[in-house]
Amino acid sequence: MVLTARINWGRIIVWWSLFLSCLMPLLWISYQAWTLNLGADPAEEITDFTGTWTLRFLWLTLAVTPLRKLFGWSWLIRYRRMLGLYTAFYALIHLLCFVTFILGWRLDLLWNEVTERPYIIVGSLAFLLLLPLVVTSTKKMQRRLGRNWTRLHQSVYLISLLALLHFIWQIRSNYLEVLIYGVILAVLLGYRLYLKLRTTHLLRMSKVHSS
Amino acid sequence: MLIKKPDSIPSSEITSESVYLQRRQFMRGVGGLMLGGMSGLAHAVPEYPIDADLPRYPGPAWLQPQIRSSVRNNDYSTSETPAPYFNAITHNNFYEFGTAKKNPAQYAQEFKTDPWKVEIAGAVNKPGHYHLEDVIKPHLLEERIYRLRCVEAWSMVIPWIGVPLAEVLKAFEPTSKAKYVAFTTLLDPEQMPGQRSYFSTIRWPYVEGLRLDEARHPLTLLAVGVYGNALPPQNGAPIRLVVPWKYGFKSIKSIVKISLEEEMPPTSWNLTAPNEYGFYANVNPKVDHPRWSQATERRLPSSLLDPNRIETTLFNGYAEEVAGLYKGMDLKKWY
């Protein structure tokens, strides 16, 4: 008798499609840089671009739970880790772009920026807080940490607020773009708050009934 | 079979581009020599290398001969290399046309800059609404190569063509009441999409101001051209201010009103964020913007391989000329 492991081709295709799609922004901006197509200030362009995509990946990661619960798309959870890791990946590239293309690895400047500039401090803090989440992102760590894993990974809410603040603090005059990101985050976090309040309310109700 | 184009011109008869450019330069030099007896004026404005695919802005017919006869003022020019034309015309802060640096080059191309009127108002003997032509025509245009330092900590070297503001003001005879000069940019939401935005914290029109002694300083220029041509709309056509020792936002663009005032006039960025932008806005590496350092700057063009970061200098390197204006003033307090 031959045992054939059933290969779920559909799942593999979706995984690879998503994996490659998430690389597209990086490939696109690299191509633009290679063909000298980033305009008069390529350093600012590439740093802005990678920063914006970090924010987008973080928002996408945070959208998984609301979408699952609202539309019953439970399969989405399979791809949440990938989105989270891409957030950290783009954050790292964004940071490297800033240090390399804007600061030219001048460590004296880097030190001043990291210790004195409010928006740099907030951005750096958000990045540092992402690191433990990356390290504990494996299934093995998830099992080992148990309930603490969930608690640790809830720090992503704080990280998202820091990331938004990092963005807000760079506004010169026009706040439309920041407002859009802010409203979306408010919905994503607000939905979780709503769920939590509803659960505690239901619990209290059931206690009242059983007593 | 021999195929020959009947109307082909022998290549020996075609003026090579370099010879053509030399001739133009020579003619400019002649104009300069005839007009300028002053020291440092007898230098022709060179032809700047402009890529064929980039737009040129010849300007209105009345301005073209005046630009052609303009001369370089070496006494007031830096010897640093000007930024490539491409950088100067595609990297602009002109929020009337959008807040991204590339927006003005995208959205200002249809901006109508001729005919143009400038109102001269306030404490002057000859107030009125003047055609720009009449404001500029009486003066010899000079080229000045200045450093331009943006408050956002980048900088460029730009070859402006213009006339010292002091000369223009003199023509309208300021009275003894005049202590400040106030400037206003055009208010025209139909042409300026940035003025239609609901999400801008700047109240339009954009306004700026200088103390009268700053306005009369020989470095302060009213520019009508760059790179040997007229001003592109994205750079503030048809007439803008250039104050090289102050952050770029002081150098107001597309001016429609110049008014001599008794009191210090309001200025747009100061109204928007008074703790971040003062009236003076002198370039100063020791006085940081609350959100970022002003100690260094990125000199554009920079590439990804080299950020070209340099130290910022007091008054953008013009301390020798302008420090006297601020003698005894606390520059930290009067930022």
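Chain naming here is simple, since letters A, B, ... match the order of the sequence lines and numbering starts at 1 in each. These numbers were taken from a predicted model, which means no experiment stands behind them.
Checked for salt-bridge contact, A:Glu113 and B:Arg291 miss the test: no charged N lies under 4.0 Å from a carboxylate O. For A:Arg117 and B:Asp288, the salt-bridge test passes: some basic side-chain N is under 4.0 Å from an acidic carboxylate O. Salt-bridge annotation for B:Glu152 and A:Arg172: present, with a side-chain N of the basic residue lying under 4.0 Å from a carboxylate O of the acidic one.
Heavy atoms from other residues, nucleotides or ligands lying under 6.0 Å from CH2 of A:Trp15 number more than 12. Atom OH of B:Tyr48 is surrounded by more than 12 heavy atoms from other residues, nucleotides or ligands within 6.0 Å. Atom CD of B:Glu110 is surrounded by 12 or fewer heavy atoms from other residues, nucleotides or ligands within 6.0 Å. Within a 6.0 Å radius of CZ in B:Arg203, other residues, nucleotides and ligands contribute 12 heavy atoms or fewer. Within a 6.0 Å radius of CZ in A:Arg144, no more than 12 heavy atoms belonging to other residues, nucleotides or ligands are found.
Without hydrogens or angle criteria, B:Arg309 side chain to A:Gly104 main chain gives no donor-acceptor distance under 3.5 Å. Proximity of a side-chain donor or acceptor of A:Asn174 to a complementary backbone N or O of B:Thr99 within less than 3.5 Å is not detected.
Most heavy-atom pairs under 4.5 Å with chain B, from the set A:Asp48, A:Thr100, A:Asn112, A:Leu109: that is A:Leu109. The choice from B:Leu300, B:Asn308, B:Ile89 that makes the most heavy-atom pairs within less than 4.5 Å of chain A is B:Leu300. Of the listed residues (A:Ile171, A:Ile46, A:Ile120, A:Leu36), the one with the most heavy-atom contacts under 4.5 Å to chain B is A:Ile171.
Rounding to the nearest 0.5 Å gives a distance of 6.0 Å between CZ of B:Phe199 and CG of A:Leu179. To the nearest 0.5 Å, atoms OG (B:Ser302) and CD1 (A:Ile102) are separated by 7.5 Å.
Neither the backbone nor the side chain of B:Pro84 comes within contact range of chain A, judged by heavy atoms closer than 4.5 Å. Only the side chain of B:Arg298 comes within contact range of chain A, with at least one heavy atom under 4.5 Å from a heavy atom of that chain. If you measure heavy-atom distances from B:Ser197 to chain A, the contacts under 4.5 Å come from the side chain alone. Residue contact with chain A, scored on non-hydrogen atoms closer than 4.5 Å, involves the backbone and the side chain of B:Ile202 alike.
Closest approach of B:Tyr198 to A:Tyr175, counting heavy atoms only: O-OH, 3.8 Å. Scanning all heavy atoms of the two residues, the minimum distance from A:Ala33 to B:Leu304 falls at CB-CD1, 3.8 Å. Of all non-hydrogen atoms in A:Ser173 and B:Trp269, the two that sit nearest each other are CB-CH2, 3.7 Å.
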